[in-house]
**Student:** 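One structure, as structure tokens, below. Some questions next.
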Amino acid sequence: TKIDPVLAEIIKNTASEGKLPCAVAFKIAEDAGATPAEVGVALALLDIKISKCRMGIFGYGKNKKFIKSMENVPPSMEKAIRENIRDAKITCRDAWNIAERLGTGKMEVASACERLGIKVSSCQLGAF
């Protein structure tokens with residue numbers, strides 16, 4: 001697989017200490033007219049790790065995970081999550097869509113998934 005040289009240069013100039021935050025990776029994709037998956041492949045080939053997952057799942061120092069289990073999951077959120085479960089998991093994209101539809105944060109949806117024992121899968125950048 002080859003990396004677009006312009007995309008590679010943007011990533012290399014933006015990354016710090018071999019890491020690039022998830023939100024920054026998405027911004028690069030948007031600005032460069034690339035897909036998140038293309039940025040993810042470029043990151044892997046450049047040996048740059050994704051940090052600070054917008055779902056709170058990984059990349060937060062020694063604890064790795066930032067997300068905590070939600071105390072009480074609102075019924076509308078639980079319903080939306082359960083409607084999107086495939087193979088006992090929910091995709092990152094579906095979780096983002098739920099957050100947008102419900103007007104809440106991505107980490108809140110991840111926190112609800114944590115409480116419900118549902119794993120988030122299929123990172124849009126390809127990290128998990």
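Note that the structure is predicted; figures quoted are calculated from it, not measured. Count residues from 1 along the sequence. Side chains are part of it too, since the values below use all heavy atoms of this structure and drop only hydrogens, waters and symmetry mates.
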**Student:** Would you call the rings of Phe128 and Phe58 parallel, tilted or perpendicular, where under 30° means parallel and over 60° means perpendicular?
**Tutor:**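 Rings of Phe128 and Phe58: perpendicular, over 60°.
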
**Student:** Just by distance, do the side chain of Tyr60 and the backbone of Cys53 share a donor-acceptor pair under 3.5 Å?
**Tutor:**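 Side chain of Tyr60 to backbone of Cys53: a pair is present.
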
**Student:** Would you please test Ile50 and Leu20 for side-chain contact (heavy atoms from CB on, under 4.5 Å) and show each step?
**Tutor:** CA-CA 5 Å; Ile50 301 164; Leu20 189 73; 6.0 Å; no

**Student:** About how many Å separate NZ of Lys106 and SG of Cys92, when rounded to the nearest 0.5 Å?
**Tutor:**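 Atom-to-atom, Cys92:SG and Lys106:NZ are 9.0 Å apart.
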
**Student:** Is it possible for you to say whether Met70 and Ile98 belong to one hydrophobic cluster, with membership spreading through side-chain heavy-atom contacts below 4.5 Å?
**Tutor:**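 Yes, Met70 and Ile98 fall within the same hydrophobic cluster.
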
**Student:** Drop me the distance from Phe26's CZ to Gln124's CD, to the nearest 0.5 angstrom.
**Tutor:**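 Phe26 atom CZ to Gln124 atom CD measures 4.0 Å (nearest 0.5 Å).
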
**Student:** How long is the gap from CD1 on Ile90 to CG on Asn84, to the nearest 0.5 Å?
**Tutor:**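 It is 5.0 Å, given to the nearest 0.5 Å.
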
**Student:** Are there more than 12 heavy atoms of other residues, nucleotides or ligands under 6.0 Å from atom CG of Asp47?
**Tutor:**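 Open.
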
**Student:** Kindly indicate, with the supporting measurements, whether the criterion side-chain contact (heavy atoms from CB on, under 4.5 Å) is fulfilled by Glu78 and Leu116.
**Tutor:** CA-CA 8 Å; Glu78 181 172 356; Leu116 298 169; 3.8 Å; yes

**Student:** Do Met107 and Ile81 land in one hydrophobic cluster if side-chain heavy atoms of ILVMFWY residues count as linked below 4.5 Å?
**Tutor:**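 No: no chain of side-chain contacts under 4.5 Å links Met107 to Ile81.
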
**Student:** So, taking the atom named NZ in Lys49 and the one named CG in Leu43, what distance separates them when rounded to the nearest 0.5 Å?
**Tutor:**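 It comes to 11.0 Å.
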
**Student:** Which distance, rounded to the nearest 0.5 Å, do you find between the OG of Ser111 and the CE of Met77?
**Tutor:**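 It is 8.5 Å, given to the nearest 0.5 Å.
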
**Student:** Would you name the heavy atoms of Leu125 and Ala25 that are closest together and state the gap between them?
**Tutor:**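 Smallest heavy-atom distance, with atoms named: CD1-CB, 3.8 Å.
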
**Student:** Considering residues, nucleotides and ligands other than Asp87, do more than 12 of their heavy atoms fall under 6.0 Å from its CG?
**Tutor:**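 Count not over threshold, so no.
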
**Student:** Does some side-chain heavy atom of Cys22 sit less than 4.5 Å from a side-chain heavy atom of Lys52?
**Tutor:**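 Not in contact.
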
**Student:** Of the non-hydrogen atoms in Glu83 and Lys79, which two are nearest, and what is the gap between them?
**Tutor:**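 In terms of heavy atoms, the two residues are closest at OE2-NZ, 2.5 Å.
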
**Student:** Hey, any chance Leu45 and Ile28 share a hydrophobic cluster, counting ILVMFWY side chains that come within less than 4.5 Å of each other, even indirectly?
**Tutor:**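 Yes, Leu45 connects to Ile28 through the hydrophobic network.
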
**Student:** Do Val109 and Ile67 belong to the same hydrophobic cluster, where Ile, Leu, Val, Met, Phe, Trp and Tyr are linked whenever their side-chain heavy atoms lie under 4.5 Å apart, directly or via other members?
**Tutor:**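 Unlinked, Val109 and Ile67 end up in two clusters.
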
**Student:** If we only count heavy atoms from C-beta on, is the Thr91 to Arg93 side-chain gap below 4.5 Å?
**Tutor:**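 With C-beta onward as the side chain, the pair touches.
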
**Student:** Which atom pair, heavy atoms only, marks the closest approach of Glu38 to Leu7?
**Tutor:**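 Nearest pair, atom of Glu38 first, then Leu7: O-CD2, 4.3 Å.
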
**Student:** Please report the closest heavy-atom contact between Ala32 and Ile10, naming both atoms and the distance.
**Tutor:**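 Residues Ala32 and Ile10, closest heavy atoms: CB-CD1, 4.5 Å.
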
**Student:** Find out if a path of hydrophobic residues (ILVMFWY) with successive side-chain heavy-atom gaps under 4.5 Å connects Phe66 to Ile118.
**Tutor:**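 Not linked; separate clusters.
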
**Student:** Which value, rounded to the nearest 0.5 Å, describes the distance between Glu17 atom CD and Ile48 atom CD1?
**Tutor:**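 Between atom CD of Glu17 and atom CD1 of Ile48 there are 12.5 Å.
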
**Student:** Sub-3.5 Å donor-acceptor pair from the side chain of Glu9 to the main-chain atoms of Val6, do we have one?
**Tutor:**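 A pair under 3.5 Å: no.
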
